[in-house]
Amino acid sequence: MNKINILDELCWRGLIHQSTDERTLKELLVQSQSVYVGFDPTASSLHCGSLLPMMILRRFQQFGHKPIALVGGATGMIGDPSGKSEERVLLSADALAENVEGMRAQMQRFLDFSPTAAAPATIVNNFDWMSGWSYINFLRDVGKNFPVNVMLNKDSVKSRLERDDSGLSYTEFSYMLLQAYDFAHLNRVHGCTLQVGGSDQWGNITAGIDLARRMHGVQLHGLTCPLLLTSDGRKMGKTASGAVWLDAQRTSPYAFYQYWVNVADSDVLMCLRFLTEIDREEYLSLEKSVVEAPHTRTAQKRLAGWLTEFVHGSSGIASAHKATEVFFGAEISDLSDQQLNEIFHDVPSATVSREALIAGIPLLDALVMVGLAKSKSDARRTVEQGGAYVNNRRFDTVDTILQLADLASQSVIVLRSGKKKFALLKVSD
């Protein structure tokens, strides 16, 4: 890709919300620059909301610029008040260190940190330079360059001070100063000239630009992108069971795929522009499909497939596709308890002992036990009419006996009545 056109790329994707001086910035980006994005280490895994800033860094690297991923080991101890209505619970130093390392490992999958790369990425932790400051020295050398009236005029501060209840603690009030110093430090040590963040970070970014100018006499630049929100204003990546994580142990490839394949028509085009690397021509084709044939969900399938393979690799997308096929009737084999429980997380179930299954459980009894039939006679009619399935294989013999060989995984048998009524028979040891 041509690095000269990075802003044009961001522009057509709708990824520019604010910038300090777009014309000057475009001239600056003719040459390779160091660009930084900060990540809050509130968990040991990145989540869907982290994908957008991570993709921003990745795009800059593809256009020849050097990405700096800053993990806030120091600022994470305080918590950013931007966009928050109350003070967050502070994490311990050990918990933060664990989160930083978890995020560091994940970032290496999305950015090229190889020394031989044309524009190698760097991961930094602001705890490394903040931990050496004493309170007195920080106030003397940094705080004196930070006008309080400027801080009070930032939206992130004003909105909290105007609240009648909790207000803003001095700890949170200090966050802006710490993050501003990050930018000044990265400029001095790494030559960083541009900070990118979500639109809620504009106050923090401009504070860093102002501090660097006062401390070092340099002119830095800032750029924000829109937040990843649904059309009705909710944060994307949230489900009834919690956040959608990039860690497969927290959110399986199947659950990850299902989240994106079920994105609303009103949101899918934004997600394709913001989060994938499909080109403009393909995007326009998918945009047309949303307008003319939304029932095919072509755009959602492309989004889900692209992101799942990007985050979880070829094995992850293969696993997600297989699990999806199972839900729609494909014969079940070589799946784990965890996978089956995720695929059929909301269907009824019953539990039997392993000894009972070894002895044999009549299929008619099993259908009644899991709630797929009201009685044995009802179960018999289901079987005789060809509507009974074990692990998505039809069984039409009324005297069928279920045994250990019928387990679809370590301890689960999947039963089905008709096309869509599923239930699980689980085995306990």
Looking at every non-hydrogen atom in both residues, tell me the closest pair between Ile6 and His65 and how far apart they are. CG2-NE2, 3.9 Å
Step-by-step side chain to side chain contact (heavy atoms under 4.5 Å, CB included) determination, Phe183 to Gln179: CA-CA 7 Å; Phe183 200 178; Gln179 184 170 321; over 6 Å; no
Aromatic ring centroids of Phe310 and Phe110 under 6.0 Å? yes
Only one of Thr351, Ile413, Val347, Leu415 clears side-chain contact (heavy atoms from CB on, under 4.5 Å) with Val370; which? Leu415
Once the angle between the rings of His321 and Tyr257 is folded into 0 to 90°, is it parallel (under 30°), tilted (30 to 60°) or perpendicular (over 60°)? perpendicular
Are there over 12 heavy-atom neighbours, none belonging to Arg394, within less than 6.0 Å of that residue's CZ? no
With a 4.0 Å cut-off, would you call Glu325 and Lys322 a salt bridge? no
Could you tell me how the ring of Trp133 sits relative to the ring of Tyr181: parallel (under 30°), tilted (30 to 60°) or perpendicular (over 60°)? perpendicular
How many angstroms lie between CD in Gln61 and CZ in Phe113, if you round to the nearest 0.5 Å? 7.5 Å
Establish, from distance only, whether the side-chain atoms of Gln62 and Glu277 form a donor-acceptor pair under 3.5 Å. yes
Measure the spacing between OG1 of Thr122 and OH of Tyr36 and express it to the nearest 0.5 Å. 14.0 Å
Contacts of Asp346 meeting salt bridge (charged side-chain N to carboxylate O under 4.0 Å, His left out) (sequence neighbours excluded), chain-then-number -> none
How close do Ala408 and Asn391 get, heavy atom to heavy atom, and via which atoms? CB-OD1, 3.2 Å
